[in-house]
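The structure under discussion appears below in the form of structure tokens.
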Amino acid sequence: MSSGGVDPSRDSDLARRLETRLAHTERLGNLGWARWGIGDGDADWSDQLYVIHRMDPADGPLDLERYRTIVHRDDLPVFDDAMAVLEEEDGPHEFEFRIRAGGAARLIVARAETIRDAAGSLVEVHAVLQDITDWRRTADQLAVVSQRLEEESQLTARLQDIILPVQDEPFTVPGLRVATRYDPAETAPLGGDWFQAIRMDNDEALLAVGDVAGHGLAAASAMAKLRHAITGLAFAHHEPDQILVALNRLLRRMRPDVLATAVVAHYRSTDRVLTWCHAGHPPMLLVRGDGVERLHHPGVLLGVFEDVEYTCASIRLEPDDLLLMFTDGLIERPGRDLFEGLDALSATITQTVRAAPRDRLSAIMNGLVPSNTSDDTCILVARVTPNTLEVS
């Protein structure tokens with residue numbers, strides 16, 4: 001053979017590879033091609049089309065007239081309208097219809113175009129038919145699941161709001177202007193973080209923030225028990241340390257599988273004395289001017305030991321002081337310890353109050369961004385009002 005000649009074996013090998021690739025494409029896509037002659041009953045089908053239609057290739061392809069007989073009767077108008085459009089227009093056109101194949105209904109999407117003679121008369125229809133039954137079933141199932149998840153998400157948000165209602169605007173308790181915020185975790189909107197800010201009488205208020213370990217309904221249930229219990233204990237005139245002892249006993253009796261942290265503070269507006277107690281919770285922050293001080297007073301987590309004791313610390317606040325209470329989602333970040341998080345939070349607060357000397361309460365509340373979006377976060381900011389008694 002001369003160097004310029006054509007190698008027939010090479011062309012044959014290339015043709016076989018292309019044929020194999022086409023067969024794989026049709027099988028993977030569950031599709032096949034068809035050619036239908038108009039008026040003469042002539043038809044050609046690819047191998048995969050027989051598989052789709054549950055037919056034996058030895059029986060040969062169906063012409064258009066016989067193909068119409070396997071179309072689902074409810075979809076005959078779609079099929080006939082498509083044929084009418086192809087009669088008038090060259091295409092390509094796409095349409096869906098159901099067929100009966102192997103005793104079951106299959107959903108077919110057809111993409112078809114026409115061949116015409118010199119006079120413009122329709123002589124052939126070429127089409128690619130794809131069986132999308134399984135794909136559509138999966139898509140419908142996913143849509144149902146997505147709808148259910150959306151409904152569950154809405155229900156979860158409503159449940160969270162019932163358990164932990166958050167006021168959009170700052171509110172007043174004796175001697176304090178208070179703003180609160182709850183940021184749910186991105187992955188688990190129902191969580192165990194909580195806060196409480198209540199008037200005990202005309203000159204006393206109770207502030208608290210807590211965090212039940214975990215997420216979901218179990219954590220939210222335990223959180224609701226603690227939050228409701230602390231309200232009753234406050235109105236029974238229990239001091240913060242006594243409240244934490246009672247909350248620890250409640251967890252050990254009712255939810256021994258649960259651990260929690262909390263900080264509880266009692267404020268007396270007549271002398272502006274704040275008395276507080278911690279149970280394994282991040283420290284409160286006192287903002288005076290543009291300085292930030294950590295109010296440390298350690299105590300063991302709730303639910304760890306059967307019998308615990310807590311002690312209180314006290315400080316006299318000044319008019320316009322700000323008190324920040326929060327859960328660890330505000331400062332926690334993978335690879336960073338809580339003290340680094342506290343340093344970063346303090347720096348942010350300092351910058352914020354320097355930039356907003358008038359409405360520092362709203363500025364701080366709006367400027368705080370949780371560090372860990374996979375955990376829920378509660379934030380409570382209280383401003384000491386200038387008057388000794390300021391009640392709503």
Side-chain angles (χ1 to χ4, degrees), residues 166-183 193-199 205-211 263-269 271-276 278 281-297 313-333 336-373 375-392:
V166 179
Q167 298 190 38
D168 294 332
E169 299 296 329
F171 56 94
T172 300
V173 296
L176 300 170
R177 191 70 173 161
V178 179
T180 58
R181 199 176 89 204
Y182 175 74
D183 295 318
D193 288 16
W194 56 275
F195 60 82
Q196 187 62 286
I198 55 176
R199 173 203 308 273
L206 179 121
L207 307 176
V209 168
D211 183 356
V263 55
V264 179
H266 170 267
Y267 181 68
R268 189 169 58 237
S269 62
D271 55 8
R272 297 194 300 276
V273 170
L274 180 79
T275 302
W276 79 93
H278 277 79
H281 202 80
M284 295 185 294
L285 298 183
L286 173 63
V287 184
R288 181 167 291 171
D290 61 6
V292 180
E293 178 185 350
R294 299 174 190 175
L295 300 183
H296 287 286
H297 195 71
S314 297
I315 189 173
R316 181 182 176 86
L317 302 181
E318 299 296 334
D320 210 35
D321 279 353
L322 291 168
L323 187 68
L324 175 62
M325 306 167 73
F326 55 91
T327 55
D328 58 9
L330 186 62
I331 57 174
E332 185 181 49
R333 180 182 296 171
R336 183 179 74 178
D337 65 35
L338 294 184
F339 290 100
E340 291 176 320
L342 285 169
D343 290 341
L345 176 60
S346 298
T348 298
I349 292 173
T350 297
Q351 295 172 359
T352 301
V353 296
R354 285 175 178 173
R358 290 191 173 183
D359 191 2
R360 303 194 307 162
L361 177 68
S362 296
I364 289 179
M365 178 58 70
N366 295 333
L368 297 180
V369 178
S371 294
N372 186 4
T373 56
D375 193 9
D376 51 337
T377 300
C378 274
I379 302 172
L380 185 153
V381 182
R383 170 181 166 265
V384 179
T385 55
N387 297 329
T388 303
L389 292 176
E390 182 177 328
V391 297
S392 61

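All of these numbers come straight from a predicted model, not from anything done at the bench.
A donor-acceptor contact shorter than 3.5 Å links the side chain of His281 to the backbone of Phe326. The backbone N or O of Val384 lies less than 3.5 Å from no partner atom in the side chain of Asp321, so there is not a single donor-acceptor pair. Looking only at distances, no side-chain donor or acceptor of Arg177 sits under 3.5 Å from a matching main-chain atom of Leu361. No donor-acceptor pair under 3.5 Å is formed between the side chain of Gln351 and the backbone N or O of Thr348. Between the Arg333 side chain and the Gly341 main chain, no donor and acceptor come within less than 3.5 Å of each other. In this structure, the side chain of Arg316 engages the main chain of Asp271 through a donor-acceptor pair within 3.5 Å. Between the side chain of Thr350 and the backbone N or O of Asp290 there is at least one donor-acceptor pair closer than 3.5 Å.
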What do the steps show when you test Leu285 against Leu323 for side chain to side chain contact (heavy atoms under 4.5 Å, CB included), and what is the final call?
-> CA-CA 6 Å; Leu285 298 183; Leu323 187 68; over 6 Å; no
Verify side chain to side chain contact (heavy atoms under 4.5 Å, CB included) between Leu368 and Ile349, making sure each step is shown before the conclusion.
-> CA-CA 8 Å; Leu368 297 180; Ile349 292 173; 4.3 Å; yes
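Annotation: side chain of Leu295 is not in contact with side chain of Pro283 (no heavy-atom distance under 4.5 Å). Between Arg181 and Pro370 there is a side-chain heavy-atom pair separated by less than 4.5 Å. Between Arg199 and Phe171, the closest side-chain pair of non-hydrogen atoms is not below 4.5 Å. Put simply, the side chain of Tyr267 does not reach to within 4.5 Å of the side chain of Val173, judged on heavy atoms. Looking at Gln196 and Ile198, their side chains come closer than 4.5 Å, going by heavy atoms from C-beta outward. In this structure the side chain of Leu286 never reaches within 4.5 angstrom of the side chain of Met284, judged on heavy atoms. Put simply, the side chain of Cys378 does not reach to within 4.5 Å of the side chain of Met325, judged on heavy atoms.
To the nearest 0.5 Å, atoms CD (Glu340) and CG (Leu345) are separated by 13.5 Å. Going from atom CG of Leu342 over to atom CZ of Arg294 covers 4.5 Å, rounded to the nearest 0.5 Å. Interatomic distance, CG of Leu338 versus CD1 of Ile331, reported as 4.5 Å (0.5 Å rounding). The CD1 atom of Ile364 lies 4.5 Å from the CG atom of Leu322; values are rounded to the nearest 0.5 Å. For the atom pair His266 NE2 and Thr275 OG1, the distance stands at 7.0 Å (nearest 0.5 Å).
When all heavy atoms are compared, the tightest approach of Pro386 to Pro319 is CA-CB, 4.1 Å. Closest non-hydrogen pair, Ser269 versus Gly175, comes out as CB-CA, 3.8 Å. What you find for Gly289 and Val353 is that their closest heavy atoms are O-CG2, 3.9 Å.
Across Leu380, Ile379, Asp193, a single residue satisfies side-chain contact (heavy atoms from CB on, under 4.5 Å) together with Tyr182, and that is Asp193.
In this view, Asp320 and Arg383 satisfy the side-chain hydrogen bond (donor to acceptor under 3.5 Å, both in side chains) rule, not counting sequence neighbours.
Using modelled atom types, one finds no donor on one side chain facing an acceptor on the other under 3.5 Å when comparing Thr377 with Thr327.
Taking the six-membered ring where the residue is Trp, Trp276 and His297 present perpendicular rings, their angle passing 60° and hence far from 30°.
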